[in-house]
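First up is the structure itself, then whatever we jot down about it.
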Amino acid sequence: MPELPEVETVVRDLCALVIGRRIERAVVGLAKMVPTGAAALEQRLGEAVFRAVDRRGKFIVFSLSRNLRLVVHLKMTGQFLWHEADQPQPDHVHVRFHLAGPEKAHPDGGLDCPFAEGPRELLFRDPRQFGRLRCFTEAEYNAWLAEEGPGPDPYELSVSDFRALLARRAGRIKPLLLDQRLISGVGNIYADEALFAARVHPMTPARDLTPTRARRLHRELLRILTEAIELRGSTTRDYVGPRGIGGQYQNEHQVYGRDGQPCPVCGARIIRLVVAGRGTFICPRCQPQP
DNA sequence: CCGGTCACCTGAGTGC
DNA sequence: TGCACTCAGGTGACCG
């Protein structure tokens, strides 16, 4: 499901919903979703309080009291849902966080967020079961970050760093954009949209991009990600935020999922290729073969 | 280092 | 209706 803009949207929504909340009970229904141990997660997170929610690439990082961290990857179909405890449960819920009421109220007496009233459950739902939740202490988290944590965000990568990265690589540009160790957060949709905007064919060897092309790709990638965040990401099928609301950026897609339709720039027919094993959409006229 | 394929899963869409 | 088949926002392992 989610790439950087969708994960960023989920994180912002979760901030408003969970910060200051205490977990009364955590229940793992499907043990394989928690590689660090289902029982350990249930035990550690019981009575813990949410302090912050952040994003590292496509990972959601919850910081809790007692220096605990909960690191979640949604993979293709993972979702967090804000759920009233007495309502019927959705299907495919694999982890439930039973929450106490918020500890901090607004100075005027109202609650921080109209969605945050009363006892609630935070549900992790994932039909395809690819998502993963990891519960770490501070030290374990730092070790994980160093070992298999994501590379820099596109926002943290300067144009010159980006160009240097490309210049060293013989491989094709699209798989490079998707490599989370090099640049984190970019997935299939935004890679295709950025390559189209920069007029770069996805199979161009990365080191063959001229400095001008590389600069343009970097600029278009940041522009597209920023615009997508403003529209709360793209919903093509499964993606919804914690309040059950989808994004709107799918209406702005120029090429992704639009094979057979005319290119919005030149009118040529958009085609679908397979690059790096992923469906890849290009305008064959705007993005000529390298 | 690089590319291709499969595996992990369920469900939606399509065509017969 | 049903069935077979393809595809899906991600990633990691394995092979040549």
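Sequence lines set the chain letters: A, B, ... in the order given, protein chains first and strands last, and positions in each chain run from 1.
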OP1 or OP2 of [N] under 4.0 Å from side-chain N/O of [X]:
| X | N | answer |
| --- | --- | --- |
| A:Lys58 | C:dT11 | yes |
| A:Arg278 | C:dT11 | no |
| A:Arg207 | B:dC2 | no |
| A:Lys75 | C:dA8 | no |
| A:Gln180 | C:dT11 | yes |

Between [X] ([atom1]) and [N] ([atom2]), how many Å, whole number?
| X | N | atom1 | atom2 | result |
| --- | --- | --- | --- | --- |
| A:Met33 | C:dT11 | CE | P | 15 Å |
| A:Phe59 | C:dT11 | CZ | P | 7 Å |
| A:Arg134 | C:dG12 | CZ | C1' | 11 Å |
| A:Gln250 | C:dA8 | CD | C1' | 15 Å |
| A:Arg169 | B:dC2 | CZ | C1' | 11 Å |
| A:Arg172 | B:dC1 | CZ | P | 18 Å |
| A:His253 | C:dA8 | NE2 | P | 14 Å |
| A:Leu165 | B:dC1 | CG | P | 13 Å |

Pick the [atom1] atom in [N] and in [M], then give their distance to the nearest Å.
| N | M | atom1 | answer |
| --- | --- | --- | --- |
| B:dC9 | C:dA13 | P | 15 Å |
| B:dC6 | C:dC5 | P | 16 Å |
| C:dC3 | B:dC8 | C1' | 24 Å |
| C:dT1 | B:dT10 | P | 25 Å |

Cation-pi check, A:Arg237 to A:Tyr239: give yes when NZ or CZ is under 6.0 Å from the six-membered ring centre and within 45° of the ring axis, no otherwise. no
Would you mind classifying the nucleic acid contact of [X] as base, sugar-phosphate or nothing, using non-hydrogen atoms under 4.0 angstrom?
| X | answer |
| --- | --- |
| A:Tyr190 | nothing |
| A:Gly171 | sugar-phosphate |
| A:Arg272 | sugar-phosphate |
| A:Lys174 | nothing |

Between A:Glu147 (side chain only) and A:Leu145 (backbone N and O only), is there a donor and an acceptor less than 3.5 Å apart? no
Taking A:Arg51's backbone N and O only, do any of them form a donor-acceptor pair with A:Ser63's side chain (distance below 3.5 Å, no angle check)? no
According to a hydrophobic-cluster definition based on side-chain heavy atoms being under 4.5 Å apart (Ile, Leu, Val, Met, Phe, Trp, Tyr only), do A:Tyr141 and A:Ile60 belong together? no
Check the angle between the aromatic planes of A:Tyr256 and A:Phe281 and answer parallel, tilted or perpendicular using the 30° and 60° thresholds. perpendicular
Describe, in one word, how the ring planes of A:Phe162 and A:His218 are oriented to each other, choosing from parallel (under 30°), tilted (30 to 60°) and perpendicular (over 60°). tilted
What string of B, S and - do you get for nucleotides 10-15 of chain B, 5' to 3', if B is base contact, S is sugar-phosphate-only contact and - is no contact with any protein heavy atom under 4.0 Å? BBS---
So, A:Gln287 and A:His201: side-chain donor and acceptor under 3.5 Å apart, yes or no? no
Which nucleotide in the set B:dC2, B:dG3, C:dG10 lies at the smallest distance from any side-chain heavy atom of A:Ala170? B:dC2
Electrostatic pair A:Arg125-A:Asp91, nearest N-O below 4.0 angstrom: yes
CZ-CD1 distance between A:Arg285 and A:Ile271, expressed to the nearest 0.5 angstrom: 12.0 Å
Those stems involving DNA chain B that have three or more consecutive Watson-Crick or G-U pairs, both distances under 3.5 Å, are B:2-8 with C:10-16, B:10-16 with C:2-8
Could you point out which residue of A:Glu193, A:Lys174, A:Glu3 forms a side-chain hydrogen bond (donor to acceptor under 3.5 Å, both in side chains) with A:Asn188? A:Lys174
Answer yes or no for this row: A:Phe130 ring on C:dT11 base, centroids under 5.5 Å, planes under 30°. no
Determine whether more than 12 heavy atoms belonging to other residues, nucleotides or ligands lie under 6.0 Å from atom CZ of A:Arg181. no
